[in-house]
Amino acid sequence: MTTYRKIEVTPIAGALGAEIGGGDLSALPDDATFDEIRQAFHEYLVIFFRNQTMTPEQHRDFGRRFGELDIHPFAAGLDDFPEVMPVIKEAGDNTSNFGGTWHTDVTFYEKPALGSILYALDVPKSGGDTMFANMYMAYDALSDGMKLMLDGMTAMHDASRSYGATNSRAAERLKKNSGSMKIRTGIDSTRQVEHPVIRTHPATGRKGLFVNANFTHNFKGWTEAESEPLLQYLYDHAVRPEFTCRFRWQPGSVAFWDNRCTQHFALNDYAGHRREMHRVTVIGERPV
Ligand code: SIN
């Protein structure tokens, strides 16, 4: 276990997740503090900060310390800060929510996200928590036989299930549910990219399971029907309770998760209440 001198690190669960004390993200941390934040990020996979106050510009600038930022192709960012994407569910939206299924962000890119930084502006008094799952643990818990098979496989990912123009059910649901978010659907959502099913984290060297129900379409060389049962098994396996943690938001909370070794799930249990977050997404590297 690492010794931290610049920040306080308090794990929130056995599997992953730690609260970080002692960092003010609006004033960009000095290099030594930043190095410890990065270390905690690698050690705990998702890190949380409390009582932050960040303008969209400061949020963007904090994200830029970790790499180039994404502009989401289907969900609009703020007019003046397109890299900052509002994630909003209004009190009157009694429908589904953004991120309300287990997933890893934007794996439909050739270079999917390194991480996402979510900042809470307005949260319900109770409900609206986010859960995270540790994909290293999911991989480690597979049998040797399953590991051997999956290690040699790749899978095709696309955005059609979430943003498909030709998938009328998804398009209809999005139109009804996007509330204050500006979400578009499009034929470009069907563009496929290929990723290893088991990826090796570029910083930690650890192997993790890298398929998710939002964007993984099929195993390469397998039909969708052939892929479905094994994918479903892996989706269920990946989020076993002992691989997860759950974060309770307050206004000013920030979560920074590593999309290369986690999945997350935004609970939709706050009907009649408003929730507003801002997300910045750091672009990662090609999975290997
Ligand atoms: C997301 O999937 O980016 C949204 C997570 C959340 O709103 O908690």
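For ligands, and for the atoms within them, numbers begin at 1 and follow the listed sequence.
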Relative to the heavy atoms of Ala266, which atoms of ligand 1 are at a distance of less than 4.0 Å?
5 (C), 6 (C), 7 (O), 8 (O)
Mark up the atoms of ligand 1 that fall under 4.0 Å of a heavy atom belonging to His103, in ascending order.
2 (O)
Numbering as shown, the atoms of ligand 1 that approach Gly99 to under 4.0 Å (heavy-atom distance)
2 (O)
With a 6.0 Å cut-off on the ring centroids, do His195 and Phe108 count as close?
no
Residue from Arg248, Arg50, Gln52 passing side chain to side chain donor-acceptor pair (under 3.5 Å) with Ser253:
Arg50
Just distances here: any N/O of His264 and N/O of ligand 1 closer than 3.5 Å?
yes
Result of checking Asp105, Asn212, Thr130, Thr244 against His264 for side chain to side chain donor-acceptor pair (under 3.5 Å):
Asp105
Before we go on, tell me: are the rings of Phe132 and Tyr44 under 6.0 Å apart, centre to centre?
no
Out of Val87, Ile88, Thr281, Leu118, indicate the one that has the non-hydrogen atom closest to atom 6 (C) of ligand 1.
Leu118
Establish, from distance only, whether the side-chain atoms of His157 and Thr107 form a donor-acceptor pair under 3.5 Å.
yes
Among protein heavy atoms, which sits nearest to atom 7 (O) of ligand 1, and what does the distance come to when rounded to 0.1 Å?
Arg275 NH1, 2.8 Å
Atom 8 (O) of ligand 1 - nearest protein heavy atom and its distance
Thr130 OG1, 2.6 Å
Hey, does Arg279 come in under 3.5 Å of ligand 1, counting only N/O atoms on both sides?
yes
Polar side chain donor-acceptor pair, Glu19 to Thr10, under 3.5 angstrom:
no
Ring center gap for Phe256 and Phe66 short of 6.0 angstrom
yes
With heavy atoms only and a cut-off of under 4.0 Å, state how Asn97 meets ligand 1: side chain, backbone, both or neither.
neither
